[in-house]
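Right, one structure below, let's go through it.
All values derive from a computational prediction rather than experimental measurement. Order of the sequence lines fixes the chain letters, A, B, ..., with proteins taken first and strands second; residue numbering starts at 1 for each chain. FYI, side chains are in, hydrogens and waters are out, and symmetry mates aren't considered; it's all heavy atoms of this structure.
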Amino acid sequence: MDKLFAQVENNQIIELLIEDLAESLAEDFDFSEITERLNYYHKYPVEINKITDDQLKELFFLSPVQINNFINHRAENGKIIDLLELQSIDDFDLLTIKRLLNFVYLSAPNSINGLEAKLLIAEGNHDLMLRFSQLMERQKGYLIPESSTGSRYLGSPQKLLLRYRYNYGRNISASFNAEKDAGEQLFSNSGKGFDFYSGSLSFQNIGRINKLVLGDFSLQFGQGLTMWSGLSFGKGALVTSVAKPDFGLKAYTSVNEILFFRGAAAKISIRRFSITPFVSYKNLDASLTETDSLNSTSQVSSLGLSGLHRTKNENENKNALTQFIAGANLQYQHKNIRAGIVSYHNRYNYQFEPGRLLYNKFEFSQRSLSNFGTYYAYNIKNAYIFGEASHSAGSGYAYVNGIITSISPQVSVVLLHRNYQKDYHSFYNQAFSEASNAVNEKGFYSGLLIKPNSKLELAAYADLFKFPWMKFGVDAPSSGYEIFSQVTYSPNKKFKIYARIKRELKDENDHLINEVNGLEQVCKQSGRLEINYKIIQGISLRNRFEVSNYQKSEINDLGYLAYQDIIYDPMQSKLSGNIRLAFFKTEGFNSRIYAYENDVLYSYSIMAYQNSGVRFYFNSRYQLRRGVDLWFKYSLTNYKDLDKIGSGLDEINGSNRSEVKFQFRYQF
Amino acid sequence: MKFLIGLIFLISLKVQAQLSPGPRFTSMALTGVSLQDIWSLQQNQAGIANSKKAAFAIAYEKTFADQELSTQSALLIYPVKAGALGISFQKYGFSAYNTLQTGITYARTFGPNFSAALNFNYHQLRILGYGSSSAFSAAAGIQYLLSENIRIGAHISNPGKGNFGKNINATIPVQMQLGVSYISSSKVIIAGTIEQLLHSEMDLKMGLEYNLINWFAIRAGVSANPFKQYGGFGLNYRKFKLDVAATSQPITGYSPQLALGYEF
């Protein structure tokens, strides 16, 4: 048993988990936070008899049904005395157990809490990391002379990140990040140093105070309809991920410049109840339009979400708006039931501009907003029922309800219904949706997961959605659907193959230049085949072939991507790394293909392959000594038929785009 | 209004001229090609070969929840040595326009795992004020029990391309189906089908039946092309069966149907 589940001291486990996740999620997703979380639990595993359901939720690969079955099993049968017991828990398949055992441990029955005790008395430990990356080719934005009146990048083309973590046992932790994106100024005239700073100090389990965070924090409650900052899962091969694992208050550690709060928050537990009050005050990027030049009053015409401050204009919009948020969450949790209410108030120093066009007529146009929501999750036998209802004061309502149920040991079914009104407003809305925001949408999702045996898995879903009001680029109420199916076969630990197909049909405006357009159907289809196999100890290969197709009236674009990965990761070696060689050809932007790339630790990249050419990268890690690591990545894309890459200020003259990335980590 | 209904009807005729395989298979996204039921008579006749008792069933389907447009079906099966015989009737349309299809089937088993069936149909088409026309078609199907819990089925209908006269804009579809069903437990059946209609795109379908308790089952399914969602439930009481299904299509809306069955 011990040998079977022996913990492997390399990073590949987490990388594989993240890859699995990345392959099943949207393109523009922040994986750094989840990588950090998993690395933390890998380094400091939790005793299996002490792990809480909130901690289990942080291990995103467990479904809510599995978490609940685990908690119930432990409650009913008492302490887990052998890890083999996990196999007797309903819905715990071997893969899940293998994954879980990288983040938990079982202390020997007689030792007084073995590792846990060691952790607590441990001196505080520090983790310092520096990252540098730069594009080798000069982009147009850097070549424009200072004397020119046009827009140009004011800073240098280097991207820098400084990251520091401090943990004292499990009770005190601190984090600090400083970042400068490519094109941003460092120690400019204003003397502000890095473009973005983030930091937090958090305390756990001080009497009734379960958690206290000062500085930057994130909040995730219920199904994300009312209050959810940061990471959120959507549709993908992980069909059970439509139920969101909400773990409430957390210290914010990522470098996304938008999706977090700045202030203070605490979680206080009183028996079955917990209350989480929070308050935040911070600046946001926004472009303002002057509405009354006499009194110099302005309105917010749009929020800046990129976090990039490279040009004069981007710098002018930086921190142009202040946001104040205060509120609280009250939650009740007992046995199989969890329910809560969350309410908060947002206030801005400028009013939002009313939508001038018909499609944005219902968008938020006030200076302040109050949000209310109530959510629940209930486990009954083999079913997990969950949902949330939300309301924005003075405007719309939104609802989401779902069920995940194991109807037989091999078959799980997921159903989710949603109805988000066109005038529902929330700045922190990450609920399940087809569109990028959970607003102006009705839909029904059904998913199926079949595991006939330990080697075969079939995941499929179908989602029907309707947008009752018009949207940007869609001049009428519209509808569509998405279907997905994936079969995975892994006969042994050394070999895995999967195939997937996806088809999406939606309405969009036609190409005619009219005031109001008619709608046309747009069909996107893709198919993928991927093979992973270990050839010898320490060396694995991965091949992928993917085709994509885009159809809209007379347009019928095809694209393909084929790549070969070599993954080198021997046990107890100081050096590990991976190499990719990819060939691609697409007939344009619409048939582009996304693929996840390996990157330096805590970084992630998802490459959009379009036009035709070759991409190569190699990514490596070298352990200088225990606690001191170095990473290096070099990537090069060569486009066959282009003499200019990109557009606007990002344009590169030539057919090559290459990047270097260094990272250094020191743990002490 | 009648004209409009007629128009909608004509547009969707290619699909609608197919047999309606009853609410159980419909709620499972019409994935009955590898399943066994009296309603196999309307989707893959090989599915009746193992019937040990005589049975009959009737069904009524409202198309797009319209007031007039409907499908009515009646079926009868009778077990014979190493197989079963079946008779089927189906009427589709409204007062001014309708089709009637009458079929006879012979299905038999070849060993414990394999069964096959042949089916012949007589089609009549009536349009008020234009007269009527008739045609013949045939169908054949097989089912094979691959392992204890996996059954595959294949079916072809109208391979001879039998049709109404040249001047009539109504076709009897040439259809091929290949399906597999998986019995996950005594409570759960999952079925998938690939369907190809001649001169049409391929369709992929998936359906599921879940027997919550021994007298009550819920069913659901999805088809890819065109995209439709299906749902329904079934009740058993002694020798009686009651099945209900609804089909939902993004644009046209819901089509409900109901069937009653009796096993002697």
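Proximity to chain B is limited to the side chain of I483(A), based on heavy atoms less than 4.5 angstrom apart. Contacts between S446(A) and chain B at a heavy-atom distance below 4.5 Å involve the side chain alone, from C-beta outward. Only the side chain of L204(B) comes within less than 4.5 Å of a heavy atom in chain A; its backbone stays farther off. Looking at L448(A), the atoms closer than 4.5 Å to chain B (heavy atoms on both sides) all sit in the side chain, from C-beta outward. In this structure, chain B has a heavy atom under 4.5 Å from the side chain of N382(A), while its backbone stays farther away. Contacts between L505(A) and chain B at a heavy-atom distance below 4.5 Å are absent for every atom of the residue.
Relative orientation of the Y481(A) and F227(B) rings is parallel, given thresholds of 30° and 60° on the angle between their planes. Using bins of under 30°, 30° to 60° and over 60° for the plane-to-plane angle, the ring pair Y461(A)/F484(A) lands in the parallel bin.
Residue Y182(B) is tested with I189(B), L208(B), N149(B) for a side-chain contact (heavy atoms from CB on, under 4.5 Å); the sole match is N149(B).
Taking the side chain as every heavy atom from C-beta outward, T247(B) and Y254(B) never approach each other to under 4.5 Å.
Counting only distance, with no hydrogens or angles, the side chain of D91(A) and the backbone of Q66(A) share no donor-acceptor pair below 3.5 Å.
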